[in-house]
Number of protein chains: 2
Amino acid sequence: MPNTTTVEEVINNIRRVFQVFNDYSKKAKREAGLTGPQLWAIKMIAENAPLKVSDVARLMFIQPGTVVGILDRLEEKGLVSRTRSQKDRRVVTIELTEEGKDLIAQAPEVIQGHLVKGLESLPAENFMIIANGMEQLVKILGADELPPMLIHTREICTPQKKNGKNSGKIG
Amino acid sequence: MPNTTTVEEVINNIRRVFQVFNDYSKKAKREAGLTGPQLWAIKMIAENAPLKVSDVARLMFIQPGTVVGILDRLEEKGLVSRTRSQKDRRVVTIELTEEGKDLIAQAPEVIQGHLVKGLESLPAENFMIIANGMEQLVKILGADELPPMLIHTREICTPQKKNGKNSGKIG
DNA sequence: TTGATATAATTCGTATTAGAATTATATCAA
DNA sequence: TTGATATAATTCTAATACGAATTATATCAA
């Protein structure tokens with residue numbers, strides 16, 4: 001048991017966790033031809049479609065403006081479709097194309113998924129070690145009040161029935 | 001004691017830690033007029049100058065190409081100086097200007113510094129909880145082999161004596 | 001109905017980041 | 001000395017990200 005762990009080692013470990021999340025883009029790109037955020041987005045869409053643009057943003061914890069760029073690139077690759085909602089013409093409904101669904105079937109797990117599976121398959125004792133550690137860390141950083149993550153939470157929005165479909169440019 | 005912690009809560013906590021690091025940029029910008037990376041860079045320089053560009057990159061764990069952009073903006077603000085080394089004309093020596101030193105004196109602690117201080121001031125027991133938790137997490141993510149962080153490590157490089165000084169454009 | 005306000009998506013400007021290519025300089029071997 | 005190789009900084013391209021502004025549409029109140 002490492003009862004001689006130093007502050008430096010802990011920080012190294014925090015950094016390693018960061019790096020894994022950040023560098024996952026490379027591995028994803030190798031395996032699926034998509035960047036990390038693109039893969040993360042398409043997975044979210046696959047699991048929750050139909051989604052509004054703002055829902056994708058909420059699921060990924062990024063700004064809507066950033067999602068637009070990611071969707072542009074996914075649409076360019078023919079993996080997702082944008083459909084202007086008839087019910088509320090401000091809304092754009094995001095879905096996977098057939099090609100997108102095919103890709104998802106073989107796409108590697110996103111890093112977030114790895115983490116969930118890793119934690120779920122852990123012996124209770126080891127899990128509690130992590131749980132307690134993260135809780136302490138959050139307290140140190142004064143991050144207690146930040147909103148929760150909603151990973152894998154369904155019903156993020158009231159998903160709208162799409163009635164119209166006009167591929168290509170929306171307007 | 002939270003012996004009912006769920007996977008979701010752990011992931012929320014991980015996310016909170018991430019958010020603290022990412023959102024710190026805003027606070028830094030408010031308090032010092034610099035973005036997070038800019039503040040982190042200038043702190044590294046303050047503590048280790050003179051540094052080569054590649055040393056700054058190594059200290060920040062980012063690519064040299066990225067550092068160039070950050071240094072450009074810091075130089076534009078008059079906070080750092082670039083000096084082409086006489087000994088080895090490939091090398092550019094980075095130092096703080098007087099203005100940069102003044103800013104550092106009042107600049108807020110970088111988030112990394114907060115973390116170090118927080119961990120150091122923790123009761124041994126709580127510290128070990130975090131240490132063990134992070135170690136487990138690193139194992140799950142298979143991040144064991146990533147290089148160490150070198151926070152606050154001196155003598156990253158053989159710091160060169162600067163003999164020449166020609167402010168402005170280097171070449 | 002009309003005007004004020006709110007909401008959804010997008011665009012714009014700035015910054016950060018990686019990775020690849022480029023330029024300049026240094027070093028080492030033949 | 002010269003040529004091959006290595007190293008340092010920089011430039012370039014593409015992607016991500018935020019916040020602010022913009023456009024289009026919806027909703028609510030007068």
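Below, chains carry the letters A, B, ... as their sequence lines are ordered, and counting in each starts from 1. Here the structure is a predicted model, which means the values were calculated and not measured.
Comparing D/dA9, C/dA18, C/dT10 by their closest approach to the side chain of A/Pro64 singles out C/dT10. For A/Val92, taking side-chain heavy atoms from C-beta onward, the closest of the listed nucleotides C/dT16, C/dT25, C/dT10 is C/dT10. Distance from the side chain of A/Lys52 is smallest for C/dA9 among the nucleotides C/dA9, D/dT11, D/dA15.
Legend: salt bridge (Lys or Arg N to Asp or Glu O under 4.0 Å) pairs involving residues 111-121 of chain B, not counting sequence neighbours, sorted by first then second residue: B/Glu109-B/Lys117.
Atom CG in A/Leu34 sits about 14 Å away from atom C1' in D/dT16, given to the nearest Å. Rounded to a whole Å, the CD1 atom of A/Ile70 is 14 Å from the C1' atom of C/dT10. Distance, B/Lys87 NZ to D/dA8 P: 15 Å, rounded to whole Å. If you measure from atom CG of B/Leu71 to atom P of C/dA15, you get 14 Å, rounded to the nearest angstrom. Remark: C1' of D/dT25 and CD of A/Gln86 are 13 Å apart, rounded to the nearest angstrom. Here the P atom of nucleotide C/dT17 and the CE atom of B/Met60 are 6 Å apart, to the nearest Å. Atom CG of B/Asp88 and atom P of C/dC28 are 12 Å apart (whole Å). Here C/dA8 presents its C1' atom at 8 Å from CZ of A/Arg84, a figure rounded to the nearest Å.
Counting any heavy atom pair closer than 4.0 Å across all strands shown, B/Pro37 reaches sugar-phosphate atoms only and no base atom. Heavy atoms of A/Gly69 sit nowhere under 4.0 angstrom from any nucleic acid atom.
A donor and an acceptor atom never sit less than 3.5 Å apart when one is taken from the side chain of A/Arg89 and the other from the base of D/dT25.
With respect to A/Asp72 and A/Lys77, no salt bridge is recorded, no charged nitrogen being found less than 4.0 Å from a carboxylate O.
Contact between the side-chain N/O atoms of B/Ser54 and the OP1/OP2 oxygens of D/dA9 is found at a separation under 4.0 Å. An OP1 or OP2 oxygen of C/dT16 is reached within less than 4.0 angstrom by a side-chain nitrogen or oxygen of B/Gln38. OP1 or OP2 of D/dC18 sits under 4.0 Å from a side-chain N or O of A/Thr66. For the pair B/Arg82 and D/dT10, the criterion of a side-chain N or O lying under 4.0 Å from OP1 or OP2 is met. OP1 or OP2 of D/dG19 lies within a sub-4.0 Å distance of a side-chain N or O belonging to A/Gln63.
Put simply, the side chain of A/Arg84 gets close to the backbone of A/Arg89: a donor and an acceptor are under 3.5 Å apart. A distance-only check finds a donor-acceptor pair linking the side chain of B/Asp55 to the backbone of B/Lys52 [under 3.5 Å]. Although no hydrogens or angles enter the test, the distance criterion places a donor-acceptor pair under 3.5 Å between the side chain of B/Thr97 and the main chain of B/Gly78.
For the helix from C/dT1-D/dA30 to C/dA30-D/dT1, the axis fitted to the five pairs at one end and the axis fitted to the five pairs at the other end meet at an angle of 0° (nearest 10 degrees).
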Between A/Glu76 and A/Arg73, does the salt bridge (Lys or Arg N to Asp or Glu O under 4.0 Å) criterion hold? Intermediate values first, please.
CA-CA 5 Å; A/Glu76 230 168 74; A/Arg73 288 177 281 275; over 6 Å; no
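Note: B/Ile70 CD1 to B/Ile62 CD1 = 4.0 Å, rounded to the nearest 0.5 Å.
By the criterion of side-chain heavy atoms lying less than 4.5 angstrom apart, applied directly or through intervening Ile, Leu, Val, Met, Phe, Trp or Tyr residues, A/Met128 is grouped together with A/Leu122 in one hydrophobic cluster.
Remark on DNA chain D: of its neighbouring residues A/Arg90 and B/Val53, the 5'-side contact belongs to B/Val53, judged by nearest-heavy-atom nucleotide.
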